[in-house]
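Worth knowing before you read on, the calculation uses all heavy atoms, side chains too, and leaves out hydrogens, waters and symmetry mates. Per chain, numbering begins at 1; letters A, B, ... match sequence-line order. Every value quoted in this text rests on a predicted model; they were computed, and no experiment measured them.
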Amino acid sequence: MALRFHNTLTRSQEEFRPLDPAGQKVRLYCCGPTVYNYAHIGNLRTMVFFDLVRRHLEIRGFHPQHVMNITDVEDKIIRTVQESGEPLSLLTRRFEAAFFEDLDLLGCKHPHESPRATEHIPQIIAFIEKLEKKGVAYKTQDGSVYFSIEKFPCYGKLSRLDLNQLKPGARVSQDEYARETYGDFALWKAHTERDGNIFWESPWGRGRPGWHIECSCMSMQHLGETIDIHCGGEDLIFPHHEDEIAQSEAATGKPFVRYWLHSAHLLVNGEKMSKTAGNFFTLRDLIEKGFTGREIRYALGSVHYRLPLNFTLEGLHAARQALHRLEEWADRLHACCAKTQAASSGGLLAGFLEALDDDLNISEALGSLFQIRRETSGQMDRNELSAGKAAELWQDWKQIEQLLGLPDNPAQEAPADVTALAEKRLAARKAKDWKQSDELRVEIQTKGWTVKDTPEGYKLTRA
RNA sequence: GGCGGGUUAGCCAAGUGGUAAGGCAGGGCUCUGCAAAAGCCCCAUCGUCGGUUCGACUCCGACACCCGCCUCCA
């Protein structure tokens, strides 16, 4: 079966075929971070999803061109700047760097390009002028420019919202200027006192871009007027992506995006994790609790992207254990195949990829992996697994590890004092002095290490 | 109120019109000086009520509860 994705636009699963006539190049745009604070792991779950989309495309022979915007001017950024006094670019560069560090810790590939909104102001202005010429944008008295959704008849096709049916009394925007129609959205926001020195000159006076326009503009500049895949969190469906479609398609008359992919939220105690709710963990919080990027990556990536992921420390422990068993198995395979080269794939990879072809069905993929893990563990116990087969499986595993983006755990060399204790214990065991041996094991444990006895001698692991 | 999504064992979770993958936790056993690690085994009838069907957890219809979106949001 071919690669299929669930397209939010049609709310159904569709076979993926890129626009490229050769069927190789894939224009992939992902909605990136707003850099005014550390990302929380809900944000990062989405990044892990993006990374899986990309890696799976790559392993299936496509050549994705991956672009992710950096939103470095926006209301909350400006508020933070005004409160802290730190210059805009210092603040945003600091958190942009932190964001990329997080990607590294989680083994997410960096996008090929990560354009910043503030470095595309002239293009954004040109884009808005184009919309004005098309007659779908209008300037208000205060010098802002709005998009008129009445001029775009398919407005609402992505979110399937009927703007006339909005709940009365639902959140009404605070930044009401003189919009003609409720639902019109800002392309350009006029400068106000609150913005301080953050503004750009434009044909409409001083101001800054609206939130949605940067994605349309940079997507088009870096990938073209119609792109293949646009990814984001599901909360962006409305209004962000709806507005992107409106302004982009109004400007070009062409379809903006062919496949819209949205990931579900990460929940804490059944509620959406968000900065405003205050119920969030950053990656740094979890690393401090002793989890590795590899474990966190597995935990974030092992639940299907369109399902809410209820995040718990228990879940992280489960991820740690599951990974550990895979690693033990892989080590045994490696020892078993020693010097043998794999002649071909062991079939493990093929099954894994087929599962992922089905809208990235990670659960089925992992299920098939664990099933083979168990079968072949038993075979190794009974000495029934050939070196050739072990080599094939090992090779498949290494590819799956890549596909899952599992970063290596930090090197764990036991410190000299711990090694010395282990050596002392080895001697005690040889002398069959079990009492001293056990005392030494406890002592090693209190230093944060676990000693295991294997036929080849002792093995130290982080407790 | 509108629009989406969900409800499978203690927890996470796949899946099919013919009697439920996998992971974590738990229990038993093997191995081990004892452990650890590893292996084997055990552990659900799929939210409720109706309907269609020879047969539904899987199809249809109600209902209940949960979550998200309805212009801060990944």
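Residue A:Arg374 places at least one side-chain N or O under 4.0 Å from the OP1 or OP2 atom of B:rG22. Taking only side-chain nitrogens and oxygens, A:Gln321 comes nearer than 4.0 Å to OP1 or OP2 of B:rA25. Close to B:rG39, at under 4.0 Å from its OP1 or OP2, lies a side-chain N or O of A:Arg373. Within the structure, a side-chain polar atom (N or O) of A:Ser377 is placed less than 4.0 Å from OP1 or OP2 of B:rG39. Distances shorter than 4.0 Å separate some side-chain N or O of A:Arg325 from OP1 or OP2 on B:rC24. The phosphate of B:rA74 has neither OP1 nor OP2 within less than 4.0 Å of any side-chain N or O from A:Lys275. Regarding contacts with the backbone of B:rC67, every side-chain N or O of A:Asn310 stays at 4.0 angstrom or more from both OP1 and OP2.
Using a 4.0 Å heavy-atom cutoff across all strands shown, A:Gly232 reaches sugar-phosphate atoms only and no base atom. Across all strands shown, A:Glu271 has heavy atoms under 4.0 Å from sugar-phosphate atoms exclusively, and none from any base. Residue contacts for A:Ile237: at a heavy-atom cut-off of 4.0 Å it reaches no nucleic acid atom on any strand shown. When heavy atoms are screened at a 4.0 angstrom cut-off, A:His317 is found touching no nucleic acid atom at all. No contact: A:Arg382 has no heavy atom under 4.0 Å from any strand. Residue-level contact check: A:Arg429 touches the bases, meaning some heavy atom is under 4.0 Å from a base atom. Heavy atoms of A:Trp329 sit nowhere under 4.0 angstrom from any nucleic acid atom. Here A:Leu307 lies in heavy-atom contact (under 4.0 Å) with sugar-phosphate atoms only.
By the 30° and 60° cut-offs, the orientation of the rings of A:His240 relative to A:His212 is tilted. Using the six-membered ring where Trp is involved, A:Phe147 and A:Phe185 have ring planes that are parallel, under 30° apart on the 30 and 60° scheme. By the 30° and 60° cut-offs, the orientation of the rings of A:Trp260 relative to A:His241 is tilted.
Contact annotation: side chain of A:Thr46 to base of B:rA74, donor-acceptor pair present below 3.5 Å. For A:Asp453 against B:rC34, a side-chain N or O and a base N or O form a donor-acceptor pair under 3.5 Å. In this model, a side-chain donor or acceptor of A:Arg441 finds a partner on the base of B:rC34 within 3.5 Å. At a cut-off of 3.5 angstrom, the base of B:rA74 holds no donor-acceptor pair with the side chain of A:Arg45. Between the side chain of A:Lys76 and the base of B:rC73, no donor-acceptor pair under 3.5 Å is found. Side-chain N/O atoms of A:Ser437 and base N/O atoms of B:rG33 include a donor-acceptor pair closer than 3.5 Å.
Among the nucleotides B:rC73, B:rC24, B:rC67, the one closest to any side-chain atom of A:Leu267 is B:rC67. Distance from the side chain of A:Asn361 is smallest for B:rG15 among the nucleotides B:rG15, B:rG10, B:rG2. Checking B:rC70, B:rA38, B:rA13 against the side-chain heavy atoms of A:Phe238 singles out B:rC70 as nearest. Closest to the side chain of A:Asp438, out of B:rA74, B:rA36, B:rG33, is B:rG33. For A:Met273, the listed nucleotide lying nearest its side chain is B:rA74; candidates were B:rC72, B:rA74, B:rC70. Among the nucleotides B:rA37, B:rC34, B:rA13, the one closest to the side chain of A:His324 is B:rA37.
On the C1' atoms, B:rC73 is 35 Å away from B:rU48, given to the nearest whole Å. Taking atom C1' in both B:rA56 and B:rC3, one finds a spacing of 29 Å when rounded to whole Å. Spacing between B:rC11 and B:rU45 at atom P, rounded to whole Å, works out to 14 Å. A gap of 13 Å separates the C1' atoms of B:rA9 and B:rC42, to the nearest Å. Distance noted for atom P between B:rG47 and B:rC57: 10 Å (whole Å). Of the P atoms belonging to B:rG5 and B:rG28, the separation is 45 Å, rounded to the nearest Å.
Under the Watson-Crick or G-U wobble criterion, with both distances below 3.5 Å, B:rC59 is paired with B:rG51. B:rC46 is unpaired under the criterion used here, namely a Watson-Crick or G-U wobble arrangement in which both key atom distances are under 3.5 Å. Base pairing analysis places B:rC34 opposite nothing; no Watson-Crick or G-U wobble pair with both distances below 3.5 Å involves it. Pairing for B:rG1 goes to B:rC70, judged as Watson-Crick or G-U wobble with the two contacts each under 3.5 Å. Figure legend. B:rA9 is base-paired to no nucleotide; pairs are counted as Watson-Crick or G-U wobble with both atom distances under 3.5 Å. Applying the Watson-Crick and G-U wobble criteria (two distances, each under 3.5 Å), B:rA25 pairs with nothing in any strand.
If you look at A:Phe291 and A:His317, their ring centroids are closer than 6.0 Å. Between A:His6 and A:His304, the distance separating the two ring centers is not shorter than 6.0 angstrom.
With A:Phe281 as the aromatic partner, A:Lys289 does not meet the cation-pi criteria of under 6.0 angstrom to the ring centre and within 45 degrees of the ring axis.
A:Asn279 and A:Glu271 share no donor-acceptor pair across their side chains, judged by distance under 3.5 Å alone.
Remark: the backbone N or O of A:Leu28 is not paired with any side-chain donor or acceptor of A:Asp228 at under 3.5 angstrom.
Residue ring and base: A:Phe370 does not count as stacked with B:rG22 (centre distance below 5.5 Å and interplanar angle below 30° not both satisfied).
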